[in-house]
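Counting starts at 1 for both ligands and their atoms, in listed order. Here, residue 1 is the first one in the sequence, and each next residue gets the next number. Remember, it's a predicted structure, so these values are computed and weren't measured experimentally.
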Amino acid sequence: MTQSRKLFQRAASKIPGGVNSPVRAWKAVGGTPLFISRGQGSYIFDAEGRRYIDFVGSWGPLILGHAHPKIVEVVRQRAASGVTFGAPTMFEIELAETVERLVPSIEKLRLVSSGTEATMSAIRLARAYTGRTKIVKFDGCYHGHSDGLLVKAGSGVATLGLPDSPGVPAGFARETLTSKYNDLKLLQKIFDRHGKDIAAVIIEPICGNMGVIQPELGFLSAIREITQKSNSLLIFDEVITGFRVALGGAQELFRVKPDLTCLGKILGGGLPLAAFGGRSEIMTLLAPVGPVYQAGTLSGNPLAVAAGIATLKLLRGRRVYDELEAKGDQLEEGLATVLKRRRIPATINRVGSMMTLFFGVDRVTDPDDARKCDQKQFGRFFHGMLKRGIYLPPSPFEAMFISLAHSSADLEKTIDAFDQWAKSQHSVDR
Ligand SMILES: *Cc1c(COP(=O)(O)O)cnc(C)c1O
């Protein structure tokens, strides 16, 4: 029995499903999840000491790769001076000033500890600001696991094929209206009917939780117009895309300015940190200035903030996003060539360093297309790659992430592994 298997059995007796977040359990692809002992650069090592090229990157935060020396150094330094105070520190100002410079729609922001908290609080704020109760989300977008947002959610909810979660009161769910990604007509219809009651539209400006799905040309700016017309707020959930697709996130890429933005993942450089921010007049409704309550014992935690500041500093280096684009392009081209050579029908969606391979479909522009992909084939792909030393997200509905630590040779190795797997599939078919 492998070490991972032993550990998984032990874990399962004390932790539901053996994991502290559902997708980690590999339900969608089968098999026993690897227990990870350490990471270095683009690599992770399992409990057996086997090495893998990692394309999960802790689900997005690790844009610099594992154990980047600068991050290790600042976290070590900070830890030696005390890990938390529950009082304001200078470092929080530095991070806030940096984020506000990089993401111009954010005039003021508040730090929290998870993306779930960020979106939940942004919505509370939007409701308080507008005096309305309804929100609109998009089928397949994931905004964390707070009650009102667990309606038609992507990520683990989609991976496990769960209906909207039990435990969410129907009354809460009723306040959440669902629209369809890249379908403006439906959104307009929802606004025609409920516009006066809609506090906010929340959206992943590039969907990353149904696999990667890009917004069609004009989709986001049209949402901006529709929300403005009805005095509803627009919330961009950039927990994945913030600092991933550009320093200023997807809003910089598509030149659309939301009222509120949620950040997380990369923001904390791999430590628990997230934020929500936006227009000053909205943000100042928050306690202690205004009446909207929001708080956190570990909010703005010095370790996480130090890792965040150091990460953003490294990302401000010149040509970082060109480099990520070049790596993404190399991998996409390589995989696409193999697909063609081995005559495997599939489509690849990619924005910069985030991408998804959907098997058995030739176009994925909304979550319904994504759901039609060949999930069994994905499972074979996942395990075939794993066997060859490549660690991918264990679900067809997640993005794989490339980091600055992935070398060109890592990507070539990944493409080679894919070709070998594809070849083996071919002989199975015959
Ligand atoms: C990961 C994610 C969240 C939730 O963040 P957590 O830190 O896991 O709570 C919210 N929105 C999006 C778009 C995400 O990808």
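A ring-centre distance under 6.0 Å is found for F359 and F381. In this structure, the ring of Y391 has its center no less than 6.0 angstrom from the ring center of Y43.
Applying the salt bridge (charged side-chain N to carboxylate O under 4.0 Å, His left out) definition to pairs two or more places apart or across chains, those involving residues 60-83 are K70-E73. Note on residues 201-229: pairs passing salt bridge (charged side-chain N to carboxylate O under 4.0 Å, His left out), not counting sequence neighbours, are R224-D259.
With sequence neighbours excluded, the residues that form a ring-ring contact (aromatic ring centres under 6.0 Å, His included) with F382 are W26.
Under 3.5 Å, the side chains of D139 and T178 contain no donor-acceptor pair of N or O atoms.
Closer than 4.0 angstrom to ligand 1 lie heavy atoms from S114, G115, T116, Y142, H143, G144, E204, N209, D237, V239, I240, K265.
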